[in-house]
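Chain letters run A, B, ... following the sequence lines, proteins first and then strands; every chain starts at 1. Note that the coordinates shown come from a computational prediction; the quantities given were computed from them, not determined experimentally.
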Amino acid sequence: MNEIPSRYNPKETEDKWYSFWESKNLFAGKVDRAKKPFSIVIPPPNVTGILHMGHALNNTIQDILIRYHRMKGFETLWMPGTDHAGIATQNVVEKAIAKEGLKRQDLGREKFIERVWQWRQQYGSTIIRQLKKLGASCDWKRERFTMDEEYSKAVLEVFVKLYEKGLIYQGSYIINWCPRCQTALSDEEAPHRDVEGKLYYIQYPLKSADSRQLSAESCIVVATTRPETMLGDTAVAVNPKDKRYKHLIGKTLILPLVNREIKIIGDAIVDMKFGTGAVKVTPAHDPNDYAMGKKHHLEFINLMYPDGRLNENAGEYKDMDRFEAREVILEDLQEKGLLEKTEPHALSAGHCYRCHTIIEPYLSKQWFVKMKPLAKPAIEAVKKGKIKFYPKRWTKVYLNWIENIQDWCISRQIWWGHRIPVYYCKKCQEPIVSKIKPEKCPDCSGTDIYQDEDVLDTWFSSWLWPFATFYWPQETEDLKYFYPTSALVTAPEIIFFWVARMIMAGFEFRKEIPFKDVYIHGTVRDIEGKKMSKSLGNIIDPLEIINEYGCDALRFSLISITAQGQDVYLSKERFEQGRNFANKIWNASRFILTNLERENTKTDLCVFFKEKDLSLVNRWILSRFYSVLKEVEQNLEKFKFNEAANLLYSFFWHEFCDWYLELIKPEIKDQETQVVMFKVLEKFLRAMHPFMPFITEEIWQLLQGKTDSESIMVAPWPHIQEQIIDKKSEKKVAGLFETITTIRNMRSELEIPLHEDIEVKIYLNNKVKTAFMQSMQGHIIHLAKLSKLDFEQTYSHGQGQFVLVLKDMHIAVSLKNFDIAQYKAKINQRIEKNKSDIKAKEAMLKNKSFVERAPAEIVENERQKLQELKDSLKKLEGVRDGIN
RNA sequence: GGGCGAUUAGCUCAGUUGGUUAGAGCGCUACACUCACAUUGUAGAGGUCAUAGGUUCAAGUCCUAUAUCGCCCACCA
């Protein structure tokens, strides 16, 4: 019959149209002062990344925004790129060279970095290729990488600027140290996780006491979760108000195992209620103790090597791993009778966000950014609504974090990253901050100069992404045109790492917001609510879904089940809905195309409106389309993608296909119908395109010669024709459908098979409505599959008729096998239901306060409904009485 | 310790400023392939909207507790 297959095959279309778009350069964003810009910078995936469902959701949303605005006539730019992901990438490459039996130290810094670049050359574009599979309409020619030469310039510029402003400083503090990655981490990179720990009670003897005979008076018991750190204790602290210990402040204790003398100090920070009320103080391995150490001028004893083994300060425990040492120390204490008791104790500890190793609070010299001054405008901007979060609740999370912001540790002891632009003179050790290596020391003119070994936190480059991608600090035309960007789409866990910092950087370096709207989508989880992760083995691979169901199916299903900002629970079956919908679009289009006369595709709708009014059915479908389109737009503007997608879905499937196409089948060759069905399809495809780019393009191209644009992606978004929205017609047609549904329902209830002819008579005592129903006679016969449909003004009981009441109508079906008992039962059932409905309504309307206080229209509405119910009841009772 | 989210049909979830008979997808039941589509169509069954109070003429929706699950934050020794 035709050459279009009955099943949509995504494999034949997706790559074809993606290359087509790329070859026509349709993704490119250019400065065009005549148009408004709409720009998004992609959250740059890690260069080591492999596409997962989180990416799929994140990028589908961005692509919808971009494609929608492009069609809306904005000059759009979606800036793509990848992040060098310092620690993650270094770990990956270290693993790779480990297969050759090599450590990075074996290669040396320079050679290792070379290997990383090689690795990037080979595998770094994987994620980009995968994003293309998703249909992402990024301007790929602009692809950026946070380690690019130009980008690095921006990073150095920022470091030097902040340093000169006094916002970057170096100092020795307790930081989060990952003993596995052997680097410092920021607070955000060391999230707290619950750990099942124990609280150990250890006796510290007073110096004055007889060590052979310990009693409650001769020692202080401290409680600790980390007994191994006792080797570095330099005091025991108690609350000065604590009556139990007050008198002991200033006395000396003998630190067990080490036999070092330590003082008892008083400090109000000590919680009298926790443990024993006495706390061991280890200033080099605990942030609280560090503060106390500073305050009370205690000694700082660093116990560990960077890899987490104990160092020479640990005496006989030297070279043991910290957790191994814990066990040995506990045994030794036990042996000496100093371990009073052990209690289970839940606590939370920082974990490295890259390798999940428990963080060691570690005293070391690092570089920091003073955050409070940077935070100020970033707080203001959000409070004043210059930047909006969607959903709104994230505003509070953001503000809570940024109002309590801590200084940012930005130095990392790894090799892969932007090297810190600080140089030292070997002679005088003065740090020199400079974008390029200075030839001599400005202080002592020494020429033996070396660079700081550390690199910068990856996020110290990512936070510049919205403007550094436009070659800032150059004032490029692109930067001036596309910045601030329009929207940012990302996941909640990135708010602190990236979103907040971009806002701060935006103000500090551009004196402006970096984006207006921040859309935070949910986390993709498996059907049990677990986060998808490789280690859990619960991953649904988007590429596999694309392969099996098609990209449009993936995109549509993901979007339709993602309510704004809610987490997404996924199972593979979910994608069947998207696939089925694509197939539905495909087949409806196939049907229309095979019936469409070419000359009718060029006719303008106005012609029909001018000459005569369109038929009701045609008016109705146009009105419905524009009503839905309007809602779709409203939801897109509010970032309610699922609502928008589902509106289009149910319009197309249930209104356009189930009703409209079925209604017009008998008159499909009429010119008016041809034009209308073509227009609705063609406009629907455009509205659908941002969600399902490939199938819409494929069909668009099948319409070739019938449409104006070379690609649907640059066709204009359909303009809402307000004057075509006709709620009266919509209501009328709804009445028609209700009638048809009621007849179908009767057929089904009476178990009359579809192939059996039935005769229906409608009794209706309303001239206008009868005229309308009569004009719809053909449609009713066709869709309810009747052999005959008659109208009569007044109801009278006829033999062998099964009669139901729908509003002001009696609908009578003539039956061959009439079961009077069954009929009576059905009528009585309806009467009972009707009566109870009336009762409820009457009660409502008898309630004085309802009638007095509810808005008049609501009351009026209820009155009308009551009247309708009463009328129906009367009719039903009449029908029942007629039977006897 | 603080904060956030969730609790609605067998399952997974929508539900806008409070206002008809609380919706969808999947699953289930019955029927239907000469018909664009069986990745389909028609009809149907299925809900004390977590619990307890409260506000209101009116609550799935607003308020207060409680329970369960999940997430985030915090210098919990």
Inset, instruction - Kindly indicate whether the side chain of A/Lys665 and the base of B/rA36 share any N or O donor-acceptor pair separated by less than 3.5 Å? - result: yes

Inset, instruction - Test for a donor-acceptor pair under 3.5 Å between the base of B/rA36 and the side chain of A/Glu662, counting only N and O atoms. - result: yes

Rounded to whole Å, please give me the gap between [atom1] in [X] and [atom2] in [N].
X: A/Glu188; N: B/rA74; atom1: CD; atom2: C1'; value: 13 Å
X: A/Asn847; N: B/rU56; atom1: CG; atom2: P; value: 13 Å
X: A/Leu596; N: B/rA36; atom1: CG; atom2: C1'; value: 14 Å
X: A/Phe274; N: B/rG1; atom1: CZ; atom2: C1'; value: 13 Å
X: A/Glu756; N: B/rC31; atom1: CD; atom2: C1'; value: 13 Å

Inset, instruction - If the plane angle is over 60° it's perpendicular, under 30° parallel, otherwise tilted; pick one for A/Trp401 and A/Phe496. - result: parallel

Inset, instruction - Would you please classify the geometry between the A/Tyr519 ring and the A/Phe639 ring as parallel, tilted or perpendicular, with 30° and 60° separating the classes? - result: parallel

[X] near the nucleic acid: base, sugar-phosphate alone, or nothing, with a heavy-atom cut-off under 4.0 Å?
X: A/Val859; answer: nothing
X: A/Arg193; answer: sugar-phosphate
X: A/Ala346; answer: base
X: A/Tyr8; answer: nothing
X: A/Arg226; answer: nothing
X: A/Phe581; answer: nothing

Inset, instruction - Let me know, please, whether A/Phe591 or A/Lys396 comes out on the 5' side of the other along RNA chain B by nearest nucleotide. - result: A/Lys396

Inset, instruction - Assign each of A/Arg579 and A/Lys638 to its nearest nucleotide of RNA chain B by heavy atoms, then name whichever residue's nucleotide is nearer the 5' end. - result: A/Lys638

Legend entry - Residues forming a side chain to side chain contact (heavy atoms under 4.5 Å, CB included) with A/Ala644, sequence neighbours excluded: A/Val632, A/Asn635, A/Leu636, A/Phe691

Legend entry - Set of residues satisfying side chain to side chain contact (heavy atoms under 4.5 Å, CB included) with respect to A/Ala278, sequence neighbours excluded: A/Ile220, A/Val222, A/Val236, A/Val238, A/Tyr245, A/Thr276

List, with names and distances, any nitrogen or oxygen atoms from the protein found under 3.5 Å away from nitrogen or oxygen atoms belonging to nucleotides 41-48 of chain B.
{"from": "B/rG41", "atom 1": "OP1", "to": "A/Lys584", "atom 2": "NZ", "distance (Å)": "3.3"}
{"from": "B/rG41", "atom 1": "OP1", "to": "A/Trp653", "atom 2": "NE1", "distance (Å)": "2.2"}
{"from": "B/rU42", "atom 1": "O3'", "to": "A/Arg744", "atom 2": "NH1", "distance (Å)": "3.4"}
{"from": "B/rA43", "atom 1": "O2'", "to": "A/Ser748", "atom 2": "OG", "distance (Å)": "2.9"}
{"from": "B/rG44", "atom 1": "OP1", "to": "A/Asn745", "atom 2": "ND2", "distance (Å)": "3.1"}

Inset, instruction - Flag the pair A/Phe684 / A/Phe656 as yes when their ring centroid distance falls below 6.0 Å, and as no otherwise. - result: no

Legend entry - Pair A/Phe694 and A/Tyr8, ring centroids less than 6.0 Å apart: no

Return a table of donor-acceptor pairs under 3.5 angstrom between the side chains of residues 390-397 of chain A and protein atoms on other chains or two or more places apart.
{"from": "A/Arg393", "atom 1": "NH2", "to": "A/Gly565", "atom 2": "O", "distance (Å)": "3.3"}
{"from": "A/Thr395", "atom 1": "OG1", "to": "A/Lys392", "atom 2": "O", "distance (Å)": "2.6"}

Legend entry - Pairing of A/Glu832 and A/Arg830 as salt bridge, 4.0 angstrom limit: no

Inset, instruction - With sequence neighbours left out, write down each residue that passes side-chain hydrogen bond (donor to acceptor under 3.5 Å, both in side chains) with A/Lys826, or none if nothing qualifies. - result: A/Glu749

Inset, instruction - Please measure how far the P atom in B/rG27 lies from the corresponding atom in B/rU40, and state the result in whole Å. - result: 9 Å

Inset, instruction - Using the P atom on both, measure B/rG15 against B/rU8 and round to a whole Å. - result: 14 Å

Inset, instruction - Compute both the distance and the angle, then confirm whether A/Lys294 meets the cation-pi test with A/Phe300: under 6.0 Å from the six-membered ring centre, within 45 degrees of the axis. - result: yes

Inset, instruction - Please determine, for the side chain of A/Asn587, which listed nucleotide (B/rC75, B/rC37, B/rC72) has the closest atom? - result: B/rC37

Inset, instruction - When you get a sec, tell me which of B/rA74, B/rU39, B/rA14 is the closest nucleotide to the side chain of A/Glu643? - result: B/rA14

Show me the protein contacts with nucleotides 19-21 of chain B, counting only N or O atoms at under 3.5 Å.
{"from": "B/rU21", "atom 1": "OP1", "to": "A/Lys841", "atom 2": "NZ", "distance (Å)": "2.9"}

